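Model, not experiment: these values are computed from the prediction. To find a chain, count down the sequence lines: A is the first, B the second, and so on, and within it residues start at 1.
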2 protein chains.
Amino acid sequence: MSNATTTPPPSSSVGDYVKAIWELGGGTGTASTKEIADRLSVAPASVTNMLGRLRERGFVEYERYRGASLTEEGRLEALRLVRRHRLIETFLLEHLGYSWEDVHEEAERLEHAVSDNFTERLAEMLEHPERDPHGEPIPKVDGSLAPDDSRPLVDTEAGERVLISRVSHGVGGDDAPILVYLGERGLVPGRELVVGEVRALDGVVVVEDEDGVSHALGPALAASIFVRTYAESAQE
Amino acid sequence: MSNATTTPPPSSSVGDYVKAIWELGGGTGTASTKEIADRLSVAPASVTNMLGRLRERGFVEYERYRGASLTEEGRLEALRLVRRHRLIETFLLEHLGYSWEDVHEEAERLEHAVSDNFTERLAEMLEHPERDPHGEPIPKVDGSLAPDDSRPLVDTEAGERVLISRVSHGVGGDDAPILVYLGERGLVPGRELVVGEVRALDGVVVVEDEDGVSHALGPALAASIFVRTYAESAQE
DNA sequence: TCGGTGTTTTAGTTTTGGCTAAAATATAAA
DNA sequence: TTTATATTTTAGCCAAAACTAAAACACCGA
Ligand SMILES: [Mn+2]
Ligand SMILES: [Mn+2]
Ligand SMILES: [Mn+2]
Ligand SMILES: [Mn+2]
């Protein structure tokens with residue numbers, strides 16, 4: 001009657017691989033060995049090895065030299081972790097006074113240690129936020145995820161009125177300085193901007209914020225800001 | 001100039017062993033292979049193996065067949081974990097609405113995943129509590145620990161007026177029912193009691209609480225309650 | 001002092017998840 | 001179409017922690 005071979009819960013390594021594939025593949029889609037290796041700072045040979053195990057476990061479809069994509073089970077496991085990660089980041093920022101650029105690293109470890117019980121109680125305490133501090137949508141318990149309606153700030157045109165939707169916080173954790181800079185200037189999700197100039201020549205984007213302050217953002221900064229068109233009725 | 005061989009941070013296994021030795025040895029003192037094996041639900045051979053590694057790492061003094069005791073470094077490592085554990089339990093109970101009997105298991109995992117930064121921010125958020133929900137003192141950052149001034153309820157005498165100091169929550173997690181029973185009746189740390197009768201015959205202790213309600217506690221219940229003599233000026 | 005019993009250690013395996021070096025394959029350029 | 005380069009896999013190795021089975025030891029009672 002009881003399941004003979006009880007599957008152990010995914011280890012943190014397994015979880016991080018599944019999550020990496022999800023992020024690289026954009027939800028569906030496929031991820032190559034090298035991409036995964038780079039993202040996880042691990043040797044390609046280690047990835048090949050792990051992909052074999054993930055296949056056994058039913059988390060990925062994988063044939064050699066073909067790259068890997070998530071199965072439905074893998075996708076759900078990834079979303080479970082993403083939900084935890086983003087809820088934890090929200091908690092760290094709002095309740096523990098962490099700064100914007102520090103939350104990711106801590107969440108990256110904690111996401112593997114908390115229970116489902118902890119996660120849902122935390123969600124309740126935070127009053128079921130829809131987005132994390134970076135503006136990323138938080139998956140629901142059932143694995144559903146709000147579609148991404150944002151586009152890069154660089155793709156806007158002069159005169160447009162937009163809302164900062166999210167700020168990319170790449171994987172390496174090496175773009176902390178960017179987050180610090182943007183955070184100090186109030187260029188955070190929810191902030192309203194008017195695009196002044198998008199200069200193709202040097203990739204500089206000039207924006208004006210709600211307080212009338214003008215910001216000239218170089219390519220690196222501009223590329224990490226994602227916006228959506230401002231509509232009077234926006235922002236839940 | 002830089003430390004050639006960078007010591008990796010203690011794994012959760014290492015941490016749990018060190019903590020077990022600390023608990024078994026009562027801070028100082030020694031713990032036998034079997035005691036550790038029983039407490040961690042691990043084979044004695046595994047303990048022997050780990051004790052060798054802990055010795056290499058400088059956490060314990062250990063000679064075969066002699067049992068193990070913590071070095072100063074090991075003691076500090078244990079206290080670091082105990083501090084985390086007890087702060088986390090407090091948080092789970094007071095902010096996430098966990099029930100008394102559930103906090104230990106979650107804390108047992110989280111204590112290995114949180115950073116020092118997290119721990120100290122949590123302590124601040126909790127306003128630096130002195131004791132955890134079970135009444136156990138929380139070690140300070142420097143590793144100092146309030147002395148235990150409590151004695152078993154069974155060692156009291158009829159007529160004594162006492163304060164519940166702590167409630168033992170043994171290791172196995174198998175005494176959840178005891179915690180539930182005591183919690184439901186408000187027999188928690190800080191509660192004032194008057195001892196009615198301590199019956200040697202069957203080990204039953206009868207106490208009366210602040211509301212005048214009388215409780216007849218069998219040996220198992222009585223043994224898990226620790227008290228200290230009530231003094232008007234007690235309880236910070 | 002001698003056994004017997006329980007404790008501890010040794011020896012040998014296993015699983016997980018890394019690594020390097022070398023071989024195989026794919027892909028893009030000539 | 002051939003070749004150079006980049007990617008991926010294979011093979012072999014290692015460390016941490018667990019396990020079992022068997023041997024060694026300690027200690028207590030007769
Ligand atoms: Mn993050
Ligand atoms: Mn992670
Ligand atoms: Mn506990
Ligand atoms: Mn633990």
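Between B:Ser13 and D:dA18 there is a side-chain polar atom (N or O) within less than 4.0 angstrom of OP1 or OP2. Contact annotation: B:Ser32 side-chain N/O to C:dT7 OP1/OP2 distance is not under 4.0 Å. Residue B:Tyr17 places at least one side-chain N or O under 4.0 Å from the OP1 or OP2 atom of D:dA18.
A:Tyr65 has its OH atom 4 Å from the C1' atom of C:dT25, to the nearest Å. Residue B:Arg66 contributes atom CZ, which lies 14 Å from atom C1' of C:dT9 at whole-angstrom precision. With rounding to whole Å, B:Lys34 atom NZ is found 5 Å from C:dT7 atom P. We find that CG of A:Asp38 is positioned 12 Å from C1' of D:dA6, with the value rounded to whole Å.
Closest contact between the side chain of A:Val14 and the listed nucleotides C:dG18, D:dT8, C:dG17 involves C:dG17. Which of D:dA24, C:dG17, D:dT8 sits closest to the side chain of A:Ser11 comes down to C:dG17.
Between B:Arg53 and B:Glu56 no salt bridge is recorded (no basic side-chain N to carboxylate O distance below 4.0 Å).
Here the straight-line distance linking atom OG of B:Ser168 with atom CD1 of B:Ile178 works out to 7.0 Å at 0.5 Å rounding. In this structure, CG in A:Leu93 is found 9.5 Å from CD in A:Glu101, a value given to the nearest 0.5 Å. A distance of 10.5 Å separates CH2 in A:Trp22 from OG1 in A:Thr28, rounded to the nearest 0.5 Å.
By the 4.5 Å heavy-atom criterion applied to side chains, B:Val18 and B:Leu70 are counted as neighbours.
Across residues 42-64 of chain A, A:Pro44, A:Ala45, A:Thr48, A:Tyr62, A:Arg64 each have a non-hydrogen atom less than 4.0 Å from an atom of DNA chain D (numbered order).
Between the side chains of A:Asp142 and A:Ser144, at least one donor N or O sits under 3.5 Å from an acceptor N or O.
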